[in-house]
Protein chains: 2
Amino acid sequence: MGSSAREEARIADALRKAVLERKLAPGSKLPEEELAQIFRSNRAKIRRVLLSLSRSHIVTLEPGRGAFVSRPSPQEARDVLASRRLIEVSLLARPHRKLSTQGVTRLRRIMTQEAEAHEKHDAIAMIHVSGQFHLTLIEELGNEVLKSITEELILRMSLIITMYERHNATCCLSSDHHDLLDLLLAKKYAEASILMARHLEGIESCLDFHRDPVTTTILSQILQPVQG
Amino acid sequence: MGSSAREEARIADALRKAVLERKLAPGSKLPEEELAQIFRSNRAKIRRVLLSLSRSHIVTLEPGRGAFVSRPSPQEARDVLASRRLIEVSLLARPHRKLSTQGVTRLRRIMTQEAEAHEKHDAIAMIHVSGQFHLTLIEELGNEVLKSITEELILRMSLIITMYERHNATCCLSSDHHDLLDLLLAKKYAEASILMARHLEGIESCLDFHRDPVTTTILSQILQPVQG
DNA sequence: TCAACCATTATTGTTCACAATATCAAACCC
DNA sequence: GGGTTTGATATTGTGAACAATAATGGTTGA
């Protein structure tokens, strides 16, 4: 069987998904044995997955103690937010290329899904779709490298929001996304970039770095339904 | 012994250094056993290091075949260059903070080393010092996250330059660095960012994506002196 | 009652042997 | 003679057993 890489990718994706959807709280312990049986895998594979995720700052490996979902410090949080803002705002201000017609179609479809999720009050779907909007924008106006960098930053932001969010603030106002696309179609890049800056600052303003980083270490049974 | 992480970091650093200094040609095979005895280590640790490096796009793991130094495609090369340009140029245009006095000192010291390396025609020292200049700038004006992102991009650029460089073009004109610092001290950020854009475009213009990616697979004896 | 210590238990870290796979070369058929 | 097949060799992939380490809980003594 040469599908071991696929299996590891599946496990890593499931963990990343759980982090993105804020089901795995920062600080949660990730015991190798437990993960192995949840995913019907073995420790060796789990271990490689955890090593990979630790390189993406999603997981922190403490020697002799094991793997934990990362708990970004306030400073790290600020840096992640600032970095994402720099990338996305600058890209809108000076996009590498024009929006393709199929790109516009993709963005429109995503916004439709966003509206549906909003209507159903499906917070998890909102997170996914909102992330997809930003990533598609980067893919269209930028390139693959920026996209994968931002993918990682978005994942780290999920941890940050879980730790430091003030109330149940909505992560992304979908109206912003709508206005953003309008401005881009009108080639008003300067205005679009300003809107994006405000958009991301909006997320930031919902954070409170003073409060105790509440990290209820949730049991891993949350992962059970993920792997189907 | 709990120093296994340290040992792995040492091996990873040695490999990264070899890539940065362009001693390890893209496409070179990295056999686990051979690396293990070069670094007086074992396959398990080597394997973990290679997995880590593969996450940084420095190494490519081919299932069943082993690890190879990555050979970035022309498209990937363009994306890496564009991403680095976006980050550094935007950061100069709108720095997150002012240059600290000790930051200026550090940059000046680096430029001194740069002049020395230039005088001695020490190409390897030039690479290191030039990278340090850019990274220090990002650390001073930006943050740690952007710094580590750029660290990875610089490493990938080393591979790109090895594969696609036209002649023996100097990677960074030190005069540019000098002018850059002057502009920053004068708070002429707009001009500084333009200079940075030209600076990085200069590197890009030395590349030729049409020529065959010459990848002389160098033996790993190059690594021997690295680990001392 | 509290604190320090020690034994127990659970988890991680390491090593080894073996299985699977790809590479290479020689033999073979067309 | 060229291309294909087939076996030998080397390298990677996998799993399990063992060692080392940290967390846990209970005991003992002040």
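These figures come from a predicted structure and were not determined experimentally. By convention in this document, chain letters (A, B, ...) are assigned in the order of the sequence lines, proteins followed by strands, and residues within each chain are numbered from 1.
Distances shorter than 4.0 Å separate some side-chain N or O of B:Asn42 from OP1 or OP2 on C:dT15.
Heavy atoms of A:Ala44 sit nowhere under 4.0 angstrom from any nucleic acid atom.
Taking all atoms of both residues into account, the shortest heavy-atom contact from A:Phe68 to A:Gly27 is CD2-O, 3.6 Å.
Applying the ring-ring contact (aromatic ring centres under 6.0 Å, His included) criterion to B:Phe133, with sequence neighbours excluded, gives B:His177.
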>> Is there a side chain to side chain donor-acceptor pair (under 3.5 Å) between B:His128 and B:Gln113? Walk through the geometry before answering.
In response: CA-CA 10 Å; B:His128 278 278; B:Gln113 295 174 327; over 6 Å; no

>> The test is salt bridge (charged side-chain N to carboxylate O under 4.0 Å, His left out); show your working for B:Arg16 and B:Asp13 and say whether it passes.
In response: CA-CA 5 Å; B:Arg16 268 192 284 264; B:Asp13 285 344; 3.2 Å; yes

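One interatomic measurement links the two molecules: CZ of B:Phe68 to P of D:dT11, which rounds to 12 Å at whole-angstrom precision. Between A:Arg40 atom CZ and D:dT14 atom P the separation is 19 Å, expressed in whole Å. Computed from coordinates, the B:Leu35 CG to D:dT11 C1' distance equals 13 Å when rounded to whole Å.
Formation of a donor-acceptor pair under 3.5 Å by the B:Ser28 side chain with backbone atoms of B:Leu24 is not found in this model. Side-chain atoms of A:Ser205 come within 3.5 Å of backbone N or O of A:Gly202 as a donor-acceptor pair. Between the A:Glu140 side chain and the A:Ser100 main chain, a donor and an acceptor come within less than 3.5 Å of each other.
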Please list, pair by pair, any protein nitrogen or oxygen found under 3.5 Å from a nitrogen or oxygen in nucleotides 8-12 of chain C.
unit_1, atom_1, unit_2, atom_2, d
C:dT12, OP1, A:Lys29, NZ, 3.0
C:dT12, OP1, A:Glu32, N, 3.4
C:dT12, OP2, A:Glu32, N, 3.3

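Within a 6.0 Å radius of CD in B:Gln102, no more than 12 heavy atoms belonging to other residues, nucleotides or ligands are found.
Applying a 4.0 Å cut-off to non-hydrogen atoms, none of the residues of residues 48-56 of chain A approaches DNA chain C.
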